[in-house]
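What follows is one structure encoded as structure tokens, with my remarks underneath.
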Amino acid sequence: MDDMPLPMNPILQVAALAPTGRRRLRAGPLSVVFDAGDLRYLKLGNREVIRRIYAAVRDRNWHTVPAEISDLKTQMAEDHFRISYTSTHRQGEIHFEWQAAIVGEADGSLRFTFDGEAKTTFLRNRIGFCVLHPIRECAGAKCRPRYTDGTEREMTFPDTIAAEQPVNGLSELAGLAHEIEPGIWAEIQFEGDIFEMEDQRNWIDASFKTFCTPLNRPRPLEVKAGTRVWQEIRLKLADRRLEMRDSLKSVDRSFLSNQPSSFNNLPPSVVIISHQDEVFRLPSIGLGVSTESGVPDEIGLTRLQLLKLAHLRIDLRPSDAETAVRLTEQSSDAEVLGHQLELAVHLDDLSDWPSVDAYLDALASQLRVGQTPLARILVFGVGAPHCTSSEALRLARKYLGQFGVPIGAGTNADLYQLNLSRPPADADFICWSMNPQVHAFDNASIAETPEAAAHQVVSVRHYFPGKPLVISPVTLRPRFNPNATGPQPVVLSGELPPQADSRQLSLFGAAWTLAMTKAFAESGADSVTFYETTGWRGVMESAIGSTLPDKFPSIPGAVFPLFHVLADVGDFAGGEAVRTEASDPLAVASLLLRSSGRRRLILANLSAELRHAKLRDFDGIILSRTLDVSTSLKAMICPEEFRAHSMPFHGMDVELAPHAVVTLDFALP
């Protein structure tokens with residue numbers, strides 16, 4: 001192996017993994033990050049106040065039209081700043097441009113102005129500002145909406161994920177204040193449109209989003225060429241304990257104690273601690289059957305055994321003539337791998353079948369004849385698109401109940417659809433899917449989503465107490481658009497389909513997979529189906545390789561870095577997770593596993609910066625294995641050899657290269 005020429009590492013070819021020219025700024029006591037036109041992570045000391053302020057152009061199907069930033073001008077001082085730029089959005093029939101002006105003042109106030117014009121006539125669902133409020137600080141916190149009629153009220157952000165969108169009491173907004181800490185409030189004023197709030201945890205965004213235009217207005221709306229759109233967001237800090245003071249300037253000293261330390265170029269450290277009294281059973285983990293590259297070859301099947309999977313998911317549709325063949329193939333593979341099948345049965349498109357009964361009766365016969373090993377059955381449809389109706393559950397039990405496996409209900413889409421159409425509560429389990437790219441697509445936003453994934457599990461348990469919770473599947477991109485109001489765009493020749501993302505084969509994809517696994521384990525999910533077996537939504541490439549190597553530069557037959565995360569966790573299948581905590585969970589994810597006296601700590605750098613992890617009370621670590629740019633090629637081409645070799649570990653500090661995954665094993669007791 002050492003003498004063979006190695007191909008170029010595809011990880012180095014994957015775009016959008018490096019920072020996008022982030023700049024750390026200050027507006028008096030507030031610290032803020034300017035990133036690709038947006039304001040992110042507005043903080044008072046160490047407490048996050050606003051997660052993000054940005055503007056979006058969304059077409060009639062809710063697709064976000066990408067922005068191109070130009071004419072960027074910045075003026076930065078120690079305690080204030082000025083920024084301006086032009087943002088151009090062009091896609092299909094849409095051409096929209098707007099001018100940005102952002103001002104941060106020394107008194108802790110901010111102003112963000114949007115002044116735009118439609119260059120063509122097009123249909124849109126939304127144009128304008130969005131303000132994201134962080135869930136860690138805001139869920140359950142006090143807030144004070146100010147309505148367009150001038151009235152105000154005091155209430156709280158939802159704690160359990162809100163089913164109603166917009167959130168009850170948070171529509172028709174002209175302003176919104178929320179309590180940062182006792183007596184200290186962040187006050188936002190909206191100009192140029194009417195705003196309302198949705199609970200974005202429904203789509204695993206780790207935020208509440210205040211946005212314009214209200215959803216009860218007609219959409220899509222035609223925007224004629226020449227139409228002007230002007231909006232402004234104003235933010236200030238207020239000390240409600242000193243109501244008689246006229247301005248923040250008079251109480252600046254109460255905020256200056258929260259002043260962030262000066263920014264520098266030293267690698268930031270992240271402290272990791274464990275909570276040994278908080279232990280959770282690991283969920284069973286499976287994969288989806290490949291929708292692109294068919295059945296894995298013999299080498300692929302052998303490598304899948306390294307993952308110690310509990311099941312494979314296969315989707316069955318009456319309209320798909322190949323369903324019976326694929327089911328037979330996958331039943332055979334499941335036997336070889338020692339897995340069971342998770343059947344997702346979709347009952348809406350019957351095609352040549354005379355009735356749902358006829359299809360389910362034929363499916364039951366095939367399962368009996370093939371002696372198909374089953375883990376569970378997910379059923380969708382019969383009058384509830386993408387969701388489970390009571391009739392669908394009744395029919396599934398009538399024809400498939402004979403196999404003695406759980407039959408569940410829920411949605412094939414996001415938690416939002418489950419909230420729109422609550423499944424029958426008497427189902428054997430509740431199921432739904434997750435992906436991190438309904439609203440945002442950059443690495444930083446995706447890295448935030450595991451926290452919201454845990455909120456989803458906790459909230460669904462609140463809705464359905466005592467029911468097993470099955471997340472199936474977890475994918476990096478949405479598999480379809482359940483909210484489309486028009487035809488889906490045609491995939492151009494030479495372009496990846498919208499379900500594929502080149503980060504599937506990246507180190508970032510591996511780091512995110514670890515963070516999601518931690519979220520599922522520590523929130524108590526019962527079963528999780530990740531990704532697929534092979535192809536651009538898989539954990540490895542097929543022997544044939546990528547059909548679009550310029551867009552998805554994988555190596556034929558190689559595994560992807562996230563394969564090793566699942567293998568590291570699979571070594572502890574049936575074991576437990578001990579809750580760990582990171583001082584900066586958006587930077588470093590940590591998962592502590594134990595089983596039969598063995599222990600393993602896995603760390604993942606979610607950022608594109610070098611990080612130092614400082615371990616507290618993790619005595620007994622003796623071995624380490626690092627997956628980063630320097631080792632990833634060997635890990636992908638020769639996964640067995642990579643996994644067989646670890647290095648001695650000494651000390652309690654771990655250096656994490658950008659998007660690196662480090663696996664630490666403890667000595668046996």
Side-chain angles (χ1 to χ4, degrees), residues 7-18 20 36-37 56-70 87-96 119-120 122-125 203 220 288-294 315 320 413 433 435-443 445-446 473-509 512 531-558 560-562 636:
M8 182 178 292
N9 191 337
I11 287 181
L12 301 179
Q13 302 178 42
V14 175
L17 291 186
T20 53
V57 176
R58 305 194 71 182
D59 69 15
R60 61 175 299 164
N61 288 332
W62 293 107
H63 294 134
T64 301
V65 181
E68 180 179 332
I69 304 299
S70 60
S87 184
T88 303
H89 304 253
R90 302 186 78 162
Q91 191 172 78
E93 65 178 2
I94 296 175
H95 182 187
F96 187 88
K119 301 298 184 180
T120 59
F122 57 88
L123 294 174
R124 60 87 169 165
N125 278 350
W203 299 272
V289 168
S290 177
T291 54
E292 177 207 356
S293 47
D315 288 73
D320 187 349
S433 73
N435 81 85
Q437 297 191 72
V438 173
H439 297 116
F441 320 101
D442 59 284
N443 286 357
S445 297
I446 293 173
V474 177
T475 54
L476 201 53
R477 290 279 295 161
R479 292 166 294 134
F480 61 96
N481 183 357
N483 302 308
T485 61
Q488 297 300 299
V490 176
V491 179
L492 300 177
S493 177
E495 295 294 326
L496 285 175
Q499 299 87 357
D501 189 319
S502 60
R503 285 172 290 191
Q504 189 81 22
L505 57 84
S506 72
L507 286 168
F508 176 78
W512 184 76
Y531 313 127
E532 295 181 357
T533 52
T534 59
W536 45 44
R537 287 193 278 172
V539 299
M540 64 178 75
E541 187 52 274
S542 67
I544 298 173
S546 172
T547 57
L548 293 171
D550 290 341
K551 300 291 185 179
F552 196 86
S554 57
I555 299 170
F560 302 154
L562 53 80
M636 290 187 289

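You'll find the side chain of Val539 reaches within 4.5 Å of the side chain of Leu562, heavy atoms only. The shortest side-chain heavy-atom distance between Ser502 and Lys551 does not fall under the 4.5 Å cut-off. When side chains are defined from C-beta on, Phe560 does not count as touching Tyr531, because their heavy atoms never get closer than 4.5 Å. Taking the side chain as every heavy atom from C-beta outward, Arg90 and Thr120 never approach each other to under 4.5 Å.
How far CG of Leu505 is from CE of Met540: 13.5 Å, rounded to the nearest 0.5 Å. To the nearest 0.5 angstrom, Ser493 atom OG is 8.0 Å from Leu548 atom CG. Atom CH2 in Trp536 sits 14.5 Å away from atom CG in Leu476 (nearest 0.5 Å). From Gln504, atom CD reaches atom CZ of Arg477 across 11.5 Å, with rounding to the nearest 0.5 Å.
For Ser290, the side-chain hydrogen bond (donor to acceptor under 3.5 Å, both in side chains) partners two or more places apart in sequence, or in a different chain, are Ser293, Thr534. In this view, Ser433 and Pro473, Arg479 satisfy the side chain to side chain contact (heavy atoms under 4.5 Å, CB included) rule, not counting sequence neighbours. Shown here are the side chain to side chain contact (heavy atoms under 4.5 Å, CB included) partners of Gln499, two or more places apart in sequence or in another chain: Pro497, Arg537. Checked against salt bridge (Lys or Arg N to Asp or Glu O under 4.0 Å), Glu541 has no partners two or more places apart in sequence or in another chain. Partners of Ser87 by side-chain hydrogen bond (donor to acceptor under 3.5 Å, both in side chains), not counting sequence neighbours, listed by chain and number: His89, Trp98. Partners of Gln437 according to the side-chain hydrogen bond (donor to acceptor under 3.5 Å, both in side chains) rule, which considers only residues two or more places apart in sequence or in another chain, are Asp501, Arg503. A search for side-chain hydrogen bond (donor to acceptor under 3.5 Å, both in side chains) contacts involving Asp320 returns Arg326, not counting sequence neighbours. By the side chain to side chain contact (heavy atoms under 4.5 Å, CB included) test, Pro556 pairs with no residue at all, sequence neighbours left out. For His439, the ring pair (Phe, Tyr, Trp, His ring centres under 6.0 Å) partners two or more places apart in sequence, or in a different chain, are Trp203. In this view, Asp59 and Asn61, His63, Ile94 satisfy the side chain to side chain contact (heavy atoms under 4.5 Å, CB included) rule, not counting sequence neighbours. Partners of Glu93 by salt bridge (Lys or Arg N to Asp or Glu O under 4.0 Å), not counting sequence neighbours: none found.
At distances below 3.5 Å, not a single donor-acceptor pair connects side-chain atoms of Thr475 with backbone N or O atoms of Pro478. The backbone N or O of Arg60 sits less than 3.5 Å from a side-chain atom of Asn125, completing a donor-acceptor pair. For Trp512 (side chain) and Ile446 (main-chain N/O), a donor-acceptor pair under 3.5 Å exists by modelled atom type.
In terms of heavy-atom proximity, Gly535 sits nearest to Glu292 at CA-OE1, 3.0 Å.
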